[in-house]
Amino acid sequence: MSSIYINNVSFAYKNSDKLILKDINLEVESGEFVCILGQSGCGKSTLLRLLAGLEGATTGEMLIDTKKIVSASLDRGVVFQDYGLFPWMSAGANIMLALTQSFPDKNKKELKEIAYKFMELVGLDKSVYKKLPKELSGGMKQRCAIAQAFSINPPILLMDEPFGALDAVTRAKLQDLLLELWSQEEQKKTVFFVTHDVDEAILLGNRIIVLGQSPSNIIYDCKIKEEDRISRENQFDNIDALKLRNTLIQQINKDVVIRIEKFTE
Ligand SMILES: Nc1ncnc2c1ncn2[C@@H]1O[C@H](COP(=O)(O)OP(=O)(O)O)[C@@H](O)[C@H]1O
Ligand SMILES: [Mg+2]
């Protein structure tokens, strides 16, 4: 099981006393696919960094089941906006490093097979294995990071706008792959997926959360039943999908309107 509990979490970066997150309370059941929406700068990445254990909460606590999050751990695969690959290691070596840590009992040949399998799944050619991150395009680096996170098969996936730098077709393919990997497993992964794209959130999430800002907290939270899941085919003509889309856009914009009013007062 891998439920996540965020209890009264507030957060300010160490070099500043401005609260970025304020009084966040959230309970995520094991296997939920949570999409986080919100304006740029509202604290989505910050929240994910806390869940990854890269930052500690200023007040409050975060738990996975009963264990407090205190540092990064192999039970959480991360795909961040800046790809997270070590620049001095080849793409393949980056993936192998994560695999070696996750599967200490497997030999190098077995691990290499896993690495190639996931590189192929995300649409990367074998020749990419030996290339350094600086020799790859943004989209390719992003796919490497995704292959790395998927290959270690963690119970929790933390993804920060992972498909942002991709062209529309690759993006759609990887969205489908992510959903497939998530839904086919008996013990579903708990996924935290940050996006600023309302349509992507509707397509992927079975729970969608909107963060407001200054300081950020949860201003909207809805669950989508599995039987009501919206497919790529009916996303733009299903009335429920369109209603949800409108609600989410209103929620995101409501926060902007309030902030503009405060700004002009
Ligand atoms: N390392 C940092 N030090 C200080 N402030 C930061 C740091 N990283 C981000 N911030 C600030 O925290 C706020 C939230 O940023 P971020 O979490 O990146 O937002 P989002 O991902 O929603 O765009 C922004 O105001 C940003 O300027
Ligand atoms: Mg961000």
Side-chain angles (χ1 to χ4, degrees), residues 4 6-26 28 33-62 69-72 76-85 87 138-139 141-146 148-149 156-166 171 174-175 178 191-205 207-222 248-263:
I4 298 174
I6 303 181
N7 299 330
N8 282 318
V9 163
S10 296
F11 176 79
Y13 281 99
K14 291 212 168 64
N15 51 5
S16 130
D17 47 3
K18 182 181 155 217
L19 277 186
I20 306 294
L21 305 173
K22 187 161 190 284
D23 301 333
I24 307 260
N25 281 292
L26 182 66
V28 175
F33 194 130
V34 185
C35 285
I36 312 277
L37 283 167
Q39 292 285 329
S40 169
C42 75
K44 304 181 293 297
S45 297
T46 304
L47 181 62
L48 229 64
R49 289 177 60 79
L50 264 82
L51 285 167
L54 301 175
E55 305 280 353
T58 308
T59 55
E61 60 175 14
M62 293 186 164
I69 297 176
V70 287
S71 62
R76 278 158 278 145
V78 295
V79 182
F80 282 156
Q81 272 168 316
D82 54 5
Y83 318 120
L85 299 172
K141 277 188 280 204
Q142 222 162 11
R143 279 187 269 177
C144 280
I146 293 163
Q148 185 183 47
I156 296 172
L157 268 179
L158 305 174
M159 308 181 85
D160 193 355
E161 305 198 24
F163 305 147
L166 303 174
R171 183 175 204 193
L174 288 175
Q175 287 170 338
L178 173 60
V191 185
F192 252 86
F193 188 101
V194 168
T195 175
H196 59 256
D197 180 346
V198 172
D199 296 318
E200 183 168 53
I202 292 176
L203 198 65
L204 295 178
R207 182 166 182 188
I208 303 179
I209 284 170
V210 179
L211 288 185
Q213 57 186 327
S214 280
S216 177
N217 60 13
I218 296 168
I219 58 171
Y220 186 78
D221 182 356
C222 75
L248 292 169
I249 293 172
Q250 272 165 7
Q251 287 298 328
I252 296 168
N253 286 339
K254 184 177 80 182
D255 189 56
V256 175
V257 171
I258 293 169
R259 277 163 36 85
I260 291 174
E261 281 166 2
K262 274 191 194 159
F263 189 71

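Atoms within each ligand, like the ligands themselves, are counted from 1 in listed order. Values below: every heavy atom of this structure, side chains too, minus hydrogens, waters and symmetry copies.
- A side chain to side chain donor-acceptor pair (under 3.5 Å) with Asn25 is found for one member of Asn7, Asn217, Asn8 and no other, namely Asn8.
- The protein residues lying under 4.0 angstrom from ligand 1, judged by non-hydrogen atoms, are Tyr13, Asn15, Lys18, Ile20, Gln39, Ser40, Gly41, Cys42, Gly43, Lys44, Ser45, Thr46.
- In summary, an N, O or S atom of Ser45 is located under 2.8 Å from the Mg ion (ligand 2).
- Checking side-chain atoms of Thr58 against main-chain N and O of Ala12 turns up a donor-acceptor pair under 3.5 Å.
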Original post:
Between Asp221 and Arg207, is a salt bridge (charged side-chain N to carboxylate O under 4.0 Å, His left out) present by the stated rule, with each step listed?
Top reply: CA-CA 7 Å; Asp221 182 356; Arg207 182 166 182 188; 2.7 Å; yes
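- Residue Leu26 is tested with Val9, Ile209, Leu47, Ile4 for a side-chain contact (heavy atoms from CB on, under 4.5 Å); the sole match is Ile209.
- The backbone N or O of Gly43 sits nowhere less than 3.5 Å from a side-chain atom of Ser216 that would complete a donor-acceptor pair.
- By the salt bridge (Lys or Arg N to Asp or Glu O under 4.0 Å) test, Glu55 pairs with Arg49, sequence neighbours left out.
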